[in-house]
Amino acid sequence: MKTLIVKCFLLLAFVCSCKAADSIWQLCNTNSNISASSQVSKNIDSLLATLVSKTPSQGFVTTTSSSYNKKEKVYGLAQCRGDISKTDCSTCIQDAAKKIREVCPNQSDSRILYDFCFLRYSQENFIGKLDTGAGLIYFNVANVTETDPKTFDNELGALFDKIRSEAVLPKSQGLGKGKTKLTPFVTLNGLVQCTRDLSALDCAQCFATAVGSFMTTCHNKKGCRVLYSSCYVRYEFYPFYFPLDPAKTGPSVGRISSVRLSP
């Protein structure tokens with residue numbers, strides 16, 4: 001897998017909020033170009049309307065567009081992060097459906113990820129298939145200083161072993177989250193989620209691939225997010241998943257770098 005550094009040393013403030021905010025990853029497959037007036041484009045619009053209306057109630061939907069011509073058929077998937085409310089899910093999916101048509105107006109294979117939701121469609125049937133081809137990594141450039149690297153690796157590994165095991169259980173619907181104390185004053189927060197169309201085995205494989213970046217690109221860093229179409233994993237030194245701890249919620253400002261992953 002190739003890695004390409006695409007942005008370095010950006011000053012970002014991460015503040016937990018109940019807004020979808022901006023997308024954190026989008027991918028438009030330029031090998032899937034279509035015309036705006038094509039039947040495929042009309043099918044995408046119809047599919048997006050279905051995803052927007054049906055996703056909030058269950059937090060996850062897969063669907064296909066109806067078409068007499070199989071070559072014009074479109075497959076779609078939408079999923080919200082498992083810890084957010086139906087209202088936030090609805091807002092995020094609406095934003096995603098609008099934004100994806102703006103950034104990928106002429107591509108039939110497109111995907112977009114926000115903190116709170118993920119949306120994807122394609123003319124190829126990707127439902128139920130593991131996808132760790134393209135991806136993106138965000139990491140805090142600051143090194144961990146609160147403890148030694150070996151202790152941090154052990155604590156991080158133990159936390160993610162626990163939440164990954166939780167996520168693949170049927171009742172968890174692909175979501176695992178948790179925290180551990182690094183010191184009496186520093187807490188490490190972690191979250192994993194895979195798309196709910198995957199088998200438990202494929203979900204676990206996706207997590208293993210993503211978490212592998214913790215020991216390479218993100219090694220000993222104060223925060224990291226690894227994003228794939230089938231799953232994402234994240235850890236931070238501040239609370240970012242719900243329910244939030246009001247006493248500890250606040251901005252974490254640091255320099256962030258990102259690395260694009262390509263097949």
Side-chain angles (χ1 to χ4, degrees), residues 20-82 84-136 170 173-175 193-200 202-203 205-206 227-232 262-263:
D22 294 327
S23 60
I24 54 177
W25 181 45
Q26 54 216 19
L27 180 64
C28 313
N29 185 349
T30 55
N31 293 321
S32 66
N33 288 340
I34 56 173
S35 69
S37 60
S38 67
Q39 183 60 47
V40 172
S41 184
K42 294 176 183 177
N43 289 345
I44 289 172
D45 288 335
S46 175
L47 179 142
L48 288 174
T50 299
L51 294 178
V52 166
S53 66
K54 292 187 176 182
T55 304
S57 62
Q58 298 295 324
F60 169 76
V61 166
T62 60
T63 189
T64 57
S65 66
S66 355
S67 179
Y68 293 108
N69 188 338
K70 291 184 178 180
K71 293 182 179 180
E72 296 172 340
K73 192 172 185 177
V74 182
Y75 301 83
L77 177 152
Q79 179 168 320
C80 289
R81 213 172 73 187
I84 69 168
S85 68
K86 290 183 180 181
T87 299
D88 289 338
C89 177
S90 178
T91 298
C92 189
I93 292 297
Q94 289 180 57
D95 289 347
K98 179 181 178 181
K99 183 72 172 181
I100 199 169
R101 290 299 264 161
E102 293 174 355
V103 297
C104 308
N106 300 312
Q107 285 79 40
S108 64
D109 179 8
S110 307
R111 60 207 80 174
I112 190 167
L113 176 69
Y114 287 76
D115 268 336
F116 287 179
C117 67
F118 173 70
L119 188 153
R120 178 182 185 182
Y121 53 78
S122 175
Q123 286 184 265
E124 291 189 18
N125 187 1
F126 61 87
I127 308 299
K129 298 177 182 177
L130 175 62
D131 184 353
T132 54
L136 188 66
Q173 298 185 323
L175 176 72
Q193 183 164 8
C194 60
T195 55
R196 285 157 56 180
D197 59 317
L198 294 183
S199 67
D202 283 344
C203 180
Q205 179 58 52
C206 192
L227 318 172
Y228 287 113
S229 295
S230 289
C231 71
Y232 62 86
S262 58

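Keep in mind the model is a prediction, meaning the values are calculated, not measured.
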- Distance-only, no hydrogens or angles: does the Ser199 side chain make a donor-acceptor pair with backbone N or O of Asp202 under 3.5 Å? yes
- Message: Quick one, Val40 and Gln123 - any side-chain contact, counting heavy atoms below 4.5 Å?
- Response: yes
- Message: Could you report the tightest heavy-atom contact between Cys206 and Thr132, atom names first, then the distance?
- Response: SG-CG2, 3.7 Å
Please table the atom pairs, donor to acceptor, closer than 3.5 Å between any side-chain atom in residues 48-57 and protein atoms at least two apart or in another chain.
from	atom 1	to	atom 2	distance (Å)
Thr50	OG1	Ser46	O	3.3
Ser53	OG	Ala49	O	3.2
Ser53	OG	Thr50	O	3.0
Thr55	OG1	Leu51	O	2.5
Ser57	OG	Lys54	O	3.1

- Kindly determine whether Leu136 and Tyr228 satisfy side chain to side chain contact (heavy atoms under 4.5 Å, CB included), including the steps that lead there. CA-CA 7 Å; Leu136 188 66; Tyr228 287 113; over 6 Å; no
- Could you please spell out the steps behind the disulfide bond (SG atoms under 2.5 Å apart) verdict for Cys92 and Cys80? CA-CA 8 Å; Cys92 189; Cys80 289; 5.8 Å; no
- Message: Return the CD1 to SG distance between Ile100 and Cys28, rounded to the nearest 0.5 Å.
- Response: 7.0 Å
- Heavy-atom distance under 4.5 Å between the side chains of Tyr114 and Lys99, does that happen here? yes
- Item | Stepwise disulfide bond (SG atoms under 2.5 Å apart) check, Cys231 with Cys203 | CA-CA 7 Å; Cys231 71; Cys203 180; over 6 Å; no
- Mind checking whether Ile84 and Arg81 have side chains closer than 4.5 Å, heavy atoms only? yes
- Do Gln79 and Thr195 meet the criterion of a side-chain donor-acceptor pair at a distance under 3.5 Å? no
- Message: Is there a side-chain contact between Leu119 and Leu77 in this structure, where contact means two heavy atoms from C-beta onward sitting under 4.5 Å apart?
- Response: no
- Heavy-atom side-chain proximity of Thr64 to Lys73 below 4.5 angstrom: yes
- Task: Assess Arg111 against Tyr121: is NZ or CZ under 6.0 Å from the centre of the six-membered ring, and within 45 degrees of the ring's axis?
- Result: no
- Message: Using only atom types and a distance under 3.5 Å, with no angle test, would you say the side chain of Asn33 pairs donor to acceptor with the backbone of Thr30?
- Response: yes
- Does a donor on one side chain and an acceptor on the other come within less than 3.5 Å for Arg101 and Ser41? yes
- Query: Side chains of Ser230 and Phe118: does their closest heavy-atom pair fall under 4.5 Å?
  - Reply: no
- Do you see a donor-acceptor pair shorter than 3.5 Å between the side chains of Gln94 and Thr91? no
- Gap between atom OG of Ser38 and atom CG of Asn43 - 0.5 Å precision: 8.0 Å
- Task: Find the distance between SG (Cys194) and CD (Gln173) and round it off to the nearest 0.5 Å.
- Result: 10.5 Å
- Task: For the residue pair Asn69 and Gln39, confirm or rule out a side-chain donor-acceptor distance under 3.5 Å.
- Result: no
- Polar side-chain atom of Lys129 near backbone of Asn125 as donor-acceptor pair, under 3.5 Å: yes
- Query: Got a second to check how far Cys117's SG is from Asp95's CG, nearest 0.5 Å?
  - Reply: 7.5 Å
- Do Asp109 and Asn31 pass the side chain to side chain contact (heavy atoms under 4.5 Å, CB included) test, and can you show the C-alpha distance, the side-chain angles, and the key distance before you say yes or no? CA-CA 8 Å; Asp109 179 8; Asn31 293 321; over 6 Å; no
- Query: Roughly how far, to the nearest 0.5 Å, is the CZ atom of Phe116 from the OG atom of Ser85?
  - Reply: 8.0 Å
- Item | Intermediate values then yes/no, side chain to side chain contact (heavy atoms under 4.5 Å, CB included), Tyr75 and Glu124 | CA-CA 7 Å; Tyr75 301 83; Glu124 291 189 18; 6.0 Å; no
- Item | Asp197 side chain vs Thr62 backbone, donor-acceptor pair below 3.5 Å | no
- Query: Is Leu27 close to Ser110 at the side-chain level, that is, under 4.5 Å between some pair of heavy atoms?
  - Reply: no
- If we only count heavy atoms from C-beta on, is the Gln193 to Tyr232 side-chain gap below 4.5 Å? yes
- Message: I'd like to know if Asp131 and Arg120 make a salt bridge, using a cut-off of under 4.0 Å between side-chain N and carboxylate O.
- Response: yes
